[in-house]
Amino acid sequence: MTSGRQDPGIARVQGEYQLLALDMDGTLLNSDKIITPDVHEAIRVYMRRGGRVTIASGRFPASVWLHARAAEMNAPLIALNGAVILDEATGELKAGAPLPPEHVRELLRFADEHGAYIQLYGYNKLYVRELNETNARWPLANVVISPGKELNEQNYAEQLGMIEVVAVGDLQRFVSGSFLPAPPIYKATIIGRSPELIQKWMGQLGGGPEVSSKPQAAPALTLTRTGRHRFDVNAYGVSKRSALESLCRELHIAPSEVAAVGDYDNDADMLAWAGLGVAMGNAEPHIQRLAKAVTSSNEEDGVARVIHNFLL
């Protein structure tokens with residue numbers, strides 16, 4: 001069992017890393033969107049030896065909680081790129097950092113002016129202008145998939161009941177509270193036709209095209225690319241790192257005692273911050289460069305290899 005690049009300064013002392021923070025897509029989950037048996041077992045072994053395990057994801061809180069419950073994780077969980085911390089036992093909100101309403105309105109104006117698709121994330125609610133083929137099936141992309149069980153609404157009805165897509169019509173009127181008090185919006189996602197357009201829009205909103213160890217950020221926003229055709233928007237200063245810092249204060253764990261594993265731009269800051277930041281083998285080169293180590297891909301049980309090579 002071998003990892004990729006390894007920093008020779010990383011000690012491999014049992015118990016050195018007290019908390020393991022895992023991204024989901026491309027990291028904890030393989031391409032079939034499941035946690036493999038080997039990864040499951042490695043997580044169990046690490047927890048039996050006293051380690052704490054959390055998820056740090058851009059996904060909905062319910063999706064994070066369902067996957068953490070399936071793996072019996074034992075630390076508060078991070079969702080929506082760090083905008084919320086939730087209780088690992090109940091899935092309930094412990095702390096949240098929503099976007100200021102005026103910044104949500106500015107984002108909506110930007111999307112209208114540039115012809116961009118935008119969707120808004122409440123706590124387990126996705127607010128959209130109207131239902132379409134993509135967003136109507138969004139909850140299905142967030143369930144815990146059982147191998148051999150067809151992915152449809154009937155088979156996963158119980159989980160689907162935890163996430164709701166809400167068509168609100170005019171999003172500006174919705175967030176202004178014209179009819180009812182507007183709910184907290186923890187994240188927005190902007191989707192465009194091409195990677196070049198996404199890069200341009202991020203630049204216009206204040207984030208440069210180059211990715212560093214910190215999320216691209218405008219004075220009032222945190223922008224992180226989460227796909228070739230999309231980027232996420234959170235309140236300024238909100239990230240997986242900021243949520244992990246808060247969580248570590250609660251658990252009395254030092255940053256040097258944290259191992260974090262991820263593969264994409266919204267993982268960059270937590271990988272650079274953690275005592276052990278590990279990039280997946282399927283991560284982009286710029287993410288691998290900022291990490292202290294590189295493991296195998298999510299198709300090759302990369303998370304299990306991190307646990308066996310560094311945490312046990």
Side-chain angles (χ1 to χ4, degrees), residues 19 21-24 54-65 68 75-88 90-108 110-111 118-127 142 162-164 166 171 174-177 181-190 202 205-207 212-226 230-251 253 255 258 260 262 264-274:
L19 176 68
L22 299 170
D23 168 55
M24 283 182 65
T54 186
I55 289 173
S57 173
R59 286 200 187 199
F60 283 107
S63 184
V64 170
W65 180 70
L77 306 163
I78 295 165
L80 299 176
N81 292 330
V84 301
I85 298 175
L86 54 146
D87 186 275
E88 73 275 22
T90 66
E92 295 179 352
L93 177 69
K94 287 172 62 73
L99 282 154
E102 63 272 21
H103 297 156
V104 178
R105 291 193 290 270
E106 290 172 7
L107 284 170
L108 292 172
F110 179 89
I118 186 169
Q119 55 192 25
L120 308 177
Y121 293 72
Y123 199 81
N124 292 327
K125 292 183 185 292
L126 182 69
Y127 299 108
N142 283 273
M162 299 181 185
I163 301 171
E164 185 179 1
V166 185
L171 286 167
F174 172 69
V175 301
S176 67
I185 301 300
Y186 295 102
K187 185 182 87 166
T189 295
I190 293 179
M202 289 184 73
L205 281 169
S212 67
S213 62
K214 296 182 179 180
Q216 300 161 346
L221 303 169
T222 298
L223 312 178
T224 45
R225 194 154 187 166
T226 50
R230 56 182 286 157
F231 64 94
D232 287 351
V233 185
N234 292 96
Y236 180 67
V238 170
S239 67
K240 294 182 181 183
R241 169 182 172 168
S242 70
L244 278 172
E245 288 176 325
S246 177
L247 181 56
C248 285
R249 287 192 294 270
E250 176 185 340
L251 299 178
I253 292 174
V258 177
Y264 214 75
D265 293 5
N266 59 341
D267 301 314
D269 62 338
M270 78 169 180
L271 297 186
W273 167 83

Mark yes or no for whether Ser246, through its side chain, and Ala243, through its backbone, hold a donor-acceptor pair below 3.5 Å.
no

Here the pair of heavy atoms bringing Arg225 nearest to Met202 is N-CE, 3.9 Å

Is there a side chain to side chain donor-acceptor pair (under 3.5 Å) between Thr224 and Asp232 once you walk through the steps?
CA-CA 5 Å; Thr224 45; Asp232 287 351; 5.0 Å; no

Any side-chain to backbone donor/acceptor pair from Asn234 onto Tyr186? Under 3.5 Å, distance only.
yes

For the residue pair Ile190 and Leu205, establish whether any side-chain heavy-atom pair is separated by less than 4.5 Å.
yes

Check whether Thr54 reaches the backbone of Pro76 with its side chain - one donor and one acceptor, N or O, closer than 3.5 Å.
yes

Could you tell me whether the side chain of Trp65 and the main chain of Glu88 form a donor-acceptor pair under 3.5 Å?
yes

Approximate separation, where rounding is to 0.5 Å, of Ile163 CD1 and Asn142 CG:
4.0 Å

Which heavy atom of Pro100 sits nearest a heavy atom of Ala235, and at what distance?
CD-CB, 4.2 Å

For residues Leu120 and Leu171, determine if any side-chain heavy atom of one lies less than 4.5 Å from a side-chain heavy atom of the other.
yes

Any ion pair linking Glu245 and Arg241 (charged N to carboxylate O, less than 4.0 Å)?
yes

Listed by chain and number, what are the ring-ring contact (aromatic ring centres under 6.0 Å, His included) partners of Tyr123, not counting sequence neighbours?
none

Which atoms form the tightest heavy-atom contact between Leu221 and His103, and what is the distance?
CD2-CB, 4.1 Å

Once you round to the nearest 0.5 Å, how far does CG of Asp23 lie from NZ of Lys240?
4.0 Å

